[in-house]
Amino acid sequence: DALPICNTLPLEHHYRNVKAGPRIETHPEVFTLGLTDNGARRAAKLGIGFVFGNFISDKYQESAIEIYQREFVPNAFMQRSYTIFCSFIIVVKDDREKEMQRRILDHWLLNVSKGRDTVIPSIEQVNKMHYSDQDKRIIEQNRGRYFIGKIY
């Protein structure tokens, strides 16, 4: 059975005859991006997919995913929980490039964490930086938000 087509626009509306396409027989899967336990609970209660935004914050990574999977309520559109994990991933050719990219991303994430400029710096700019103890702690915490490695 095709989904019913509902046109709620007034008869005289300029866009009344516009039709979305393609017309499909199935309902698309619905996901929400979440960062916290509350977001996971909401997705589970609604019976929709959950995308954990590790690249934004990893603070509730383990608990949010566990809560979503444990509390998921199946429905007509999604029968079982479906989790997507989003993180920064950088692939490099060697250890030298790995270290350079790590330092650049560390600096960029520090700036983002502090609400500063979000322009990605050059390694030359990063090499000129001096970090406070607080900055170093933030950098260390942010390292849980990304993966850098070589392809073998």
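- Rounding to the nearest 0.5 Å gives a distance of 4.5 Å between NE2 of His107 and CE of Met129.
- The structure places CD1 of Ile123 at 8.0 Å from CD of Gln101, a figure rounded to the nearest 0.5 Å.
- Tyr131 has its side chain within reach of Ile139: a pair of non-hydrogen atoms, C-beta onward, lies under 4.5 Å apart.
- Residues Leu110 and Leu105 are members of one and the same hydrophobic cluster, defined by side-chain heavy-atom contacts under 4.5 angstrom among Ile, Leu, Val, Met, Phe, Trp and Tyr.
- No salt bridge links Lys45 with Glu71; every basic N to acidic carboxylate O contact stays at or beyond 4.0 Å.
- Hydrophobic cluster membership differs between Leu46 and Ile65, with clusters built from Ile, Leu, Val, Met, Phe, Trp and Tyr side chains linked at under 4.5 angstrom.
- Using a 4.0 Å cut-off between a side-chain N of Lys or Arg and a carboxylate O of Asp or Glu, Glu140 and Lys136 do not qualify as a salt bridge.
- Evaluated for a side-chain contact (heavy atoms from CB on, under 4.5 Å) with Cys86, the options Asn54, Ile56, Val51 yield exactly one hit, Val51.
- Between the side chain of Arg145 and the main chain of Asp58, no donor-acceptor pair closer than 3.5 Å is present.
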Point to revise | Chi angles and distances behind the side chain to side chain contact (heavy atoms under 4.5 Å, CB included) call for Ser81, Tyr68 | key: CA-CA 8 Å; Ser81 63; Tyr68 169 73; 3.5 Å; yes
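- Side chains of Arg96 and Met100 form no contact here, defined as non-hydrogen atoms less than 4.5 Å apart.
- Between Thr32 and Ala43, the shortest heavy-atom distance links the atoms CG2-CB, 3.6 Å.
- Cluster membership check: Ile67 does not share its hydrophobic cluster with Met78, using side-chain heavy-atom separations under 4.5 Å among Ile, Leu, Val, Met, Phe, Trp and Tyr.
- The two atoms that bring Gln79 and Ala76 nearest to each other are NE2-O, 3.7 Å, heavy atoms only.
- Distance OG/Ser63 to CZ/Arg41: 8.5 Å, rounded to 0.5 Å.
- A side-chain donor from one of Asn142 and Ser113 sits under 3.5 Å from a side-chain acceptor of the other.
- Ring pair Tyr82/Phe31: centre-to-centre distance below 6.0 Å.
- Here the CG atom belonging to Asp37 is positioned 10.0 Å from the NZ atom belonging to Lys59, to the nearest 0.5 angstrom.
- Taking the six-membered ring where the residue is Trp, the centroids of Tyr146 and Phe88 are separated by 6.0 Å or more.
- Side-chain contact between His27 and Phe77: present, with at least one pair of heavy atoms (C-beta onward) separated by less than 4.5 Å.
- Glu99 CD to Asp94 CG: the interatomic distance, rounded to the nearest 0.5 Å, is 11.5 Å.
- Note on Phe72: it clusters hydrophobically with Leu35, by side-chain heavy-atom contacts below 4.5 Å among ILVMFWY residues.
- Heavy atoms of other residues, nucleotides or ligands lying less than 6.0 angstrom from CZ of Arg42 number 12 at most.
- Note that CD1 of Ile138 is 11.5 Å distant from CG of Asp133, once rounded to the nearest 0.5 Å.
- Listed here is the closest heavy atom pair of Ile24 and Thr26: CD1-O, 3.0 Å.
- A tilted orientation is assigned to the rings of Tyr15 and His13, their planes being inclined by 30° to 60°.
- In this structure, Asp95 and Lys150 have side chains that are in contact, with non-hydrogen atoms separated by less than 4.5 Å.
- Closest approach of Pro121 and Val126 over heavy atoms only: CG-CG2, 3.6 Å.
- The heavy-atom pair separating Ala40 from Ala64 by the smallest distance is CB-O, 3.1 Å.
- The neighbour count for Arg116 CZ, taken as heavy atoms of other residues, nucleotides or ligands under 6.0 Å away, is above 12.
- No side-chain heavy atom of Thr118 sits under 4.5 Å from any side-chain heavy atom of Asn111.
- Residues Trp108 and Val119 approach most closely at CD1-O, 3.7 Å, considering heavy atoms.
- Side-chain heavy atoms closer than 4.5 Å link hydrophobic residues (I, L, V, M, F, W, Y) into clusters, and following such links, possibly through other members, connects Ile89 to Phe52.
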